[in-house]
Participant: 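Sharing a structure, written as structure tokens. Questions coming.
For this chain, numbers begin at 1 and follow the sequence in order.
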Amino acid sequence: MSQRIPLPLLANLPFVEDLYVEFLRDPASVSPEWRDYFKDVGNDGDRLMALRRGPSRPPKSLFDPERGGVSETGTSQLARDTIVGQQARVSQLVHAYLVRGHMAAAIDPLELPRPVHPELDPAFHGFTEHDLDGRFYTHGTAGADFLTLREILDRLRAAYCGSIGSQFMHIDDPKRRVWVRERMERPENHAGLKRQEQIRILTRLTDAVIFEEFIQQKYPGAKSFSLEGAESLIPLLDLAIETAGGHGVEEIVLAMAHRGRLNVLANIVGKRPREIFHEFENVIDPLRDGRGDVKYHLGHSRDWLTASGRTVHLSLCFNPSHLEFVNPVALGRIRAKQDRTGDPTRARRMAFLIHGDASFAGEGVVQESLNLSRLEGYRTGGTLHVVVNNQIGFTTSPEDGRSSHYATDVAKMLQIPIFHVNGEDPEAVARVVRLAMDFRRAFHSDVVIDMYCFRRRGHNEGDEPAFTQPLMYGVIDKRRPLREYYLGHLLRLGEVDRDEADRIAMERRRELEHDLTEARSHTYLPLREKSTGIWAGYHGGLDGDAEDIGSGVERGRLTALMETLTRLPEGFHPHAKIAQWLERRREMATGARHLDWSAGEALAFATLAVEGHRVRVSGQDTSRGTFSQRHAILHDTEDGRMYVPLQHLAADQAPVEIYNSPLSEAGVLGFEYGYSLDCPNGLVLWEAQFGDFVNAAQVIIDQFLVSAEEKWRRLSGLVLLLPHGFEGQGPEHSSARLERFLELAVNDNIQVVNPTTPAQYFHVLRRQVLRRWRKPLIVMTPKSLLRHPQAISTLEDLAQGRFRRILFDRTVKPEQVRRVLLCSGKVYYDLVGLRDELKRDDVAILRLEQLYPLQDAELREGLASYPSKAAVVWVQEEPANMGAWRYLFARFGERLMNTWSFSAVCRPASASPATGWHDLHKIEQQKLLKAAFDVH
């Protein structure tokens with residue numbers, strides 16, 4: 001029987017000819033299949049050449065079904081070209097299904113019209129009905145080598161056009177592509193589930209549906225942001241947690257917006273329904289702390305026991321209505337948990353992020369968060385992203401809300417698969433969960449499930465969606481609850497009987513009725529959370545509750561640490577200027593040179609690390625410092641290796657991590673805030689490149705940082721380093737918007753400081769960790785003061801004392817003072833310079849190093865030695881409508897402490913913080929300084 005050339009190589013006959021030459025030279029050099037073929041061809045190769053030329057007339061058929069391939073005999077050049085061309089077109093058709101099969105997948109439960117790509121039609125590739133029974137090479141489709149075109153199409157459609165549509169051909173890594181393709185084309189990926197799995201899905205769907213029905217019945221019209229139309233989210237999460245437990249995951253942090261949150265709280269995260277019902281009853285808790293938040297923003301935690309007996313701790317993050325901004329917070333929490341518990345492979349803890357379709361496509365923080373996933377300082381080993389795709393925003397349709405085909409297209413930046421699934425096919429949802437979780441485990445990478453569903457009601461229960469989407473809601477109104485559809489499916493299969501299903505539903509309703517009765521009882525009191533676990537012993541509350549601790553460090557230890565910070569590994573070649581910088585630090589270690597700002601910071605980090613406190617700093621250009629002041633990571637000029645002196649202080653030191661962040665504010669600040677939530681014992685800092693850029697992260701500040709304690713009783717010790725100061729660098733490089741933080745400051749919720757010496761900076765950083773009082777710390781850090789000859793400290797300043805909220809003036813005699821200048825930050829040194837120039841001994845200059853919380857008693861004590869007739873003047877570089885002036889004037893009025901007249905010297909009120917002309921800045925600055933001394 002004559003051999004036939006495999007069709008993939010028939011399209012490249014020159015390759016066959018070269019292979020034949022190799023066979024003639026050494027038959028063992030080719031594979032056994034080709035060796036047998038060439039023996040059949042004959043040693044002279046005439047038949048191979050004849051095959052290249054083609055026979056004199058075409059056969060009756062291009063296909064030989066009995067032999068399972070293309071006939072070797074009797075084809076003309078035209079016929080041969082037709083054979084080769086058809087195989088090439090089959091290859092194109094297969095590729096089209098791999099790339100675009102998802103566009104024909106049955107993923108929309110509403111079956112709304114959606115375009116199908118023409119490349120998925122065999123006719124597009126020139127095939128007719130006559131061609132469907134011809135056999136072709138499959139390119140590995142479904143594990144077969146040769147199939148009829150009809151069989152190839154059937155398998156491709158089963159794999160890629162069912163209830164699951166997959167996007168994976170954009171991935172550059174062939175291993176990942178092959179992995180996804182192999183899993184998608186497995187027969188078991190389309191087979192039915194076992195009865196035990198089906199009953200579990202039915203039970204979880206029942207939990208979800210009955211809970212929503214119960215809420216609507218008992219609290220009609222109340223906002224709950226129901227999960228109706230997307231109930232498959234509950235069995236999805238259930239199976240994802242079970243699968244994660246089987247993969248060795250011990251802890252999961254979940255984050256989601258408000259839609260379906262109550263259902264997830266009750267049926268996944270373990271919050272008792274009675275607690276939720278109590279919140280619907282609007283009963284004010286007389287023992288509450290803070291003002292609280294709406295019920296669909298709250299979080300909860302529990303231990304989940306998997307079917308295999310493993311325990312997985314679940315924690316659902318608190319979240320504001322700003323939808324996706326919780327994403328980086330959850331990621332930061334997971335990273336902190338991994339770091340704290342020693343999980344270097346990042347396999348035992350992970351995040352589930354639940355998104356909405358409109359917000360996933362629309363919110364920029366989504367891209368910022370995705371971008372963190374593969375970065376060394378922020379990676380967490382892979383996140384499960386679940387998009388609850390309602391196919392609508394508030395009232396906005398997809399065509400008005402995004403430019404991309406899918407809401408999830410932004411995730412293609414990560415080189416990860418995106419699985420679209422019909423949310424009304426619970427078994428497909430179950431299969432896609434396993435697929436996604438297995439991918440995460442195999443590649444330690446993010447993965448996305450885009451669950452198509454719908455929103456049965458409007459944006460909230462009082463909203464009428466048919467005003468703007470009448471056709472869509474005409475379809476939705478005709479649909480029965482998903483549980484009924486799935487139950488009907490199981491009844492038809494004979495896997496469950498009606499009585500069994502009814503018992504499940506009745507039991508759920510009975511449990512909810514019992515919880516409602518308890519919630520409405522006059523004796524019921526909701527559970528009150530206490531600080532436990534890693535937060536035990538830490539507290540918030542008022543400034544008066546904070547401990548008064550010393551933060552000094554023995555001088556000998558400071559010297560030893562500074563010397564250690566200057567040592568380099570043998571053979572390390574620093575930059576010449578870095579070598580000089582290290583030499584200056586050696587002089588600081590001995591006391592021969594005063595400490596500058598970066599030295600004070602380095603010693604704060606070092607002393608905390610050797611005392612067992614983790615230090616983590618991240619931000620744009622943080623390792624070197626925006627102003628080339630920090631140099632925390634040194635680079636060898638010859639081989640590029642890096643060395644971090646802060647990581648080589650002592651064998652038992654705590655970790656010190658310094659990370660350059662991506663060019664992102666909201667995402668990175670959210671991540672570091674989340675990290676601080678699970679690292680109460682460490683110093684966690686985020687640094688802005690310039691303080692002005694912090695406004696790009698305002699949502700994180702407003703919705704989390706300053707308000708979390710009052711809304712959710714959640715504490716954080718995060719430190720923000722915001723370079724601030726007017727030095728003629730223009731509107732975007734002058735102001736960290738001090739006024740905004742002071743406007744948000746109330747009930748001692750944050751700390752705002754503007755230190756003016758390295759020692760003050762050293763002490764405030766150490767105080768932040770050593771006290772058990774946990775509040776975010778906002779530091780207005782300097783620029784020009786980094787190298788100012790007067791902004792210096794001694795080792796003794798670091799060894800003695802503590803952070804001083806107010807620095808008093810000891811250089812003038814109090815009884816001679818006629819004018820007291822109050823100020824904060826860099827302007828102090830300008831004022832001292834002019835006072836010296838004017839030889840004014842009747843002017844005292846006091847520094848408010850801590851602007852909030854501000855203790856009136858301490859300020860009064862500092863002013864008490866000055867005559868009551870002395871004028872107290874607040875001096876700031878910022879315009880009058882910015883900076884601290886309005887905050888101080890609102891607090892004290894025109895008479896400070898009802899004793900001293902109180903006024904201000906500022907730049908004129910302005911919409912822009914600073915001028916863009918350096919010469920004009922100098923003119924303004926001189927005018928401001930002279931006005932402070934009442935010099936005209």
Side-chain angles (χ1 to χ4, degrees), residues 91-92 94-103 105 107 138-144 155-156 158-190 236 239-240 243-244 246-249 331 334 344-348 350-353 355 360 366-367 369-376 378-387 404-421 428-451:
S91 301
Q92 293 169 357
V94 171
H95 187 264
Y97 271 85
L98 298 181
V99 176
R100 310 191 196 285
H102 57 86
M103 300 185 75
I107 57 176
T138 68
H139 292 274
T141 300
R155 296 194 185 192
L156 288 172
Y160 299 107
C161 303
S163 293
I164 301 172
S166 60
Q167 287 181 282
F168 64 97
M169 292 297 285
H170 59 279
I171 300 174
D172 293 331
D173 183 357
K175 291 182 180 179
R176 295 187 178 205
R177 290 200 308 272
V178 169
W179 189 96
V180 175
R181 180 179 179 184
E182 192 273 331
R183 288 293 300 268
M184 286 295 297
E185 295 180 6
R186 281 184 183 177
E188 57 265 34
N189 200 43
H190 323 293
L236 185 158
L239 183 57
T243 306
H247 291 173
V249 173
L331 296 175
I334 278 296
T345 62
R346 313 205 180 279
R348 292 187 281 113
M350 69 173 298
F352 288 1
L353 301 184
H355 313 271
F360 197 79
V366 171
Q367 183 275 337
S369 302
L370 292 172
N371 187 48
L372 297 176
S373 69
R374 302 302 295 172
L375 303 181
E376 180 59 31
Y378 310 92
R379 64 184 182 88
T380 60
T383 295
L384 175 65
H385 299 270
V386 178
V387 177
S404 59
H405 183 79
Y406 289 112
T408 53
D409 281 352
V410 65
K412 291 166 76 173
M413 65 179 279
L414 285 191
Q415 302 288 297
I416 60 174
I418 301 168
F419 299 109
H420 309 279
V421 62
V429 171
R431 289 192 292 270
V432 88
V433 167
R434 291 196 185 93
L435 187 62
M437 293 297 291
D438 287 351
F439 180 88
R440 186 259 178 190
R441 179 177 62 169
F443 297 102
H444 307 287
S445 178
D446 288 25
V447 64
V448 176
I449 297 175
D450 180 18
M451 189 180 78

Participant: Rounded to the nearest 0.5 Å, how far does CD1 of Ile107 lie from CZ of Phe419?
Facilitator: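 Spacing of CZ (Phe419) from CD1 (Ile107) equals 13.0 Å.
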
Participant: Does the side chain of Thr243 reach to within under 4.5 Å of the side chain of Arg440, using non-hydrogen atoms?
Facilitator: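 Counting from C-beta outward, Thr243 and Arg440 never come under 4.5 Å.
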
Participant: Can you give me the closest heavy-atom contact between Gly382 and Asp446, atom names plus distance?
Facilitator: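 Smallest interatomic distance, heavy atoms only, reads CA-OD1, 3.5 Å.
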
Participant: Please give me the minimum heavy-atom distance between Ile418 and Ala411, naming the atom from each residue.
Facilitator: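 Looks like CD1-CB, 4.0 Å.
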
Participant: Mind checking what makes salt bridge (charged side-chain N to carboxylate O under 4.0 Å, His left out) contact with Arg379, not counting sequence neighbours?
Facilitator: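 Glu376.
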
Participant: Which residues pass the side-chain contact (heavy atoms from CB on, under 4.5 Å) test with Arg348, sequence neighbours left out?
Facilitator: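 Counting only residues at least two positions away or on another chain, Arg348 forms a side-chain contact (heavy atoms from CB on, under 4.5 Å) with Glu250, Asp343.
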
Participant: Restricting to side chain to side chain donor-acceptor pair (under 3.5 Å), what partner residues turn up for Thr138, sequence neighbours left out?
Facilitator: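 Not a single residue meets the side chain to side chain donor-acceptor pair (under 3.5 Å) criterion with Thr138.
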
Participant: Restricting to side-chain contact (heavy atoms from CB on, under 4.5 Å), what partner residues turn up for Glu182, sequence neighbours left out?
Facilitator: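 Checked Glu182 against side-chain contact (heavy atoms from CB on, under 4.5 Å); matches are Arg186.
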
Participant: With sequence neighbours left out, write down each residue that passes side chain to side chain donor-acceptor pair (under 3.5 Å) with Thr141, or none if nothing qualifies.
Facilitator: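 In terms of side chain to side chain donor-acceptor pair (under 3.5 Å), with neighbours along the sequence ignored, Thr141 is linked to Arg181.
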
Participant: Can you sort out the partners of Arg100 under side-chain contact (heavy atoms from CB on, under 4.5 Å), two or more places apart, ordered by chain and number?
Facilitator: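 Testing Arg100 for side-chain contact (heavy atoms from CB on, under 4.5 Å), a comparison that skips the adjacent residues, returns Met103, His117, Glu119, Leu120.
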
Participant: Roughly how far, to the nearest 0.5 Å, is NE2 of His102 from CE of Met184?
Facilitator: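 Rounded to the nearest 0.5 Å, the CE-NE2 separation comes to 10.5 Å.
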
Participant: Ignoring hydrogens, what is the shortest heavy-atom contact between Ala105 and Gly165? Give both atom names and the distance.
Facilitator: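 Result for this residue pair: CB-CA, 3.9 Å.
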
Participant: Who are the side chain to side chain donor-acceptor pair (under 3.5 Å) partners of Ser163, not counting sequence neighbours?
Facilitator: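 In terms of side chain to side chain donor-acceptor pair (under 3.5 Å), with neighbours along the sequence ignored, Ser163 is linked to Asp425.
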
Participant: Do the side chains of Leu156 and Cys161 get nearer than 4.5 Å, heavy atoms only?
Facilitator: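 Of all side-chain heavy-atom pairs linking Leu156 with Cys161, none is under 4.5 Å.
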
Participant: Distance-only criterion, 3.5 Å: show the donor-acceptor pairs between side-chain atoms of residues 428-439 and protein atoms not counting sequence neighbours.
Facilitator:
{"residue": "Arg431", "atom": "NE", "partner": "Asn189", "partner atom": "O", "Å": "2.8"}
{"residue": "Arg431", "atom": "NH1", "partner": "Ala191", "partner atom": "O", "Å": "2.9"}
{"residue": "Arg434", "atom": "NH2", "partner": "Glu197", "partner atom": "OE2", "Å": "2.2"}
{"residue": "Asp438", "atom": "OD1", "partner": "His247", "partner atom": "NE2", "Å": "3.1"}
{"residue": "Asp438", "atom": "OD2", "partner": "Arg183", "partner atom": "NH1", "Å": "3.0"}
{"residue": "Asp438", "atom": "OD2", "partner": "Arg183", "partner atom": "NH2", "Å": "3.1"}

Participant: Between Ser404 and Asp409, which heavy-atom pair has the shortest distance, and what is it?
Facilitator: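 Scanning both residues completely, I find the closest heavy atoms to be CB-OD2, 3.2 Å.
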
Participant: What is the distance from atom OH of Tyr160 to atom CG of Leu98, rounded to the nearest 0.5 Å?
Facilitator: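 Result: 4.5 Å between the selected atoms.
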
Participant: Find out whether Ile416 and Phe443 are in side-chain contact, i.e. whether some heavy atom of one side chain is under 4.5 Å from a heavy atom of the other.
Facilitator: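 Side chain of Ile416 against side chain of Phe443, heavy atoms only: no contact under 4.5 Å found.
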
Participant: If you measure from CD1 on Ile449 to OG1 on Thr408, what distance do you get to the nearest 0.5 Å?
Facilitator: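 If I round to the nearest 0.5 Å, the distance is 11.5 Å.
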
Participant: Using the side chain to side chain donor-acceptor pair (under 3.5 Å) criterion, which residues pair with Ser445? Sequence neighbours excluded.
Facilitator: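 Side chain to side chain donor-acceptor pair (under 3.5 Å) check on Ser445 returns Arg176.
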
Participant: Which residue pairs pass the side chain to side chain donor-acceptor pair (under 3.5 Å) test with at least one member in residues 410-420, sequence neighbours excluded?
Facilitator: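 Passing the test, one end in residues 410-420: Gln167-His420, His420-Asp450.
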
Participant: Indicate the atoms forming the closest heavy-atom contact of Met413 with Leu370, along with that distance.
Facilitator: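 The pair with the smallest heavy-atom distance is SD-CB, 4.2 Å.
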
Participant: Applying ring-ring contact (aromatic ring centres under 6.0 Å, His included), name anything that partners His355, two or more places apart in sequence or on another chain.
Facilitator: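 Residues passing ring-ring contact (aromatic ring centres under 6.0 Å, His included) with His355: Phe360, His385.
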
Participant: In this structure, which one of Val386, Val366, Leu384, Leu331 forms a side-chain contact (heavy atoms from CB on, under 4.5 Å) with Leu353?
Facilitator: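 Going through Val386, Val366, Leu384, Leu331 one by one, the side-chain contact (heavy atoms from CB on, under 4.5 Å) with Leu353 is satisfied by Leu331 alone.
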
Participant: For Ala159, give me all partners under side-chain contact (heavy atoms from CB on, under 4.5 Å), at least two apart in sequence or on another chain.
Facilitator: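 Partners of Ala159 by the side-chain contact (heavy atoms from CB on, under 4.5 Å) criterion, ordered by chain and then number, come out as Glu185, His190.
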
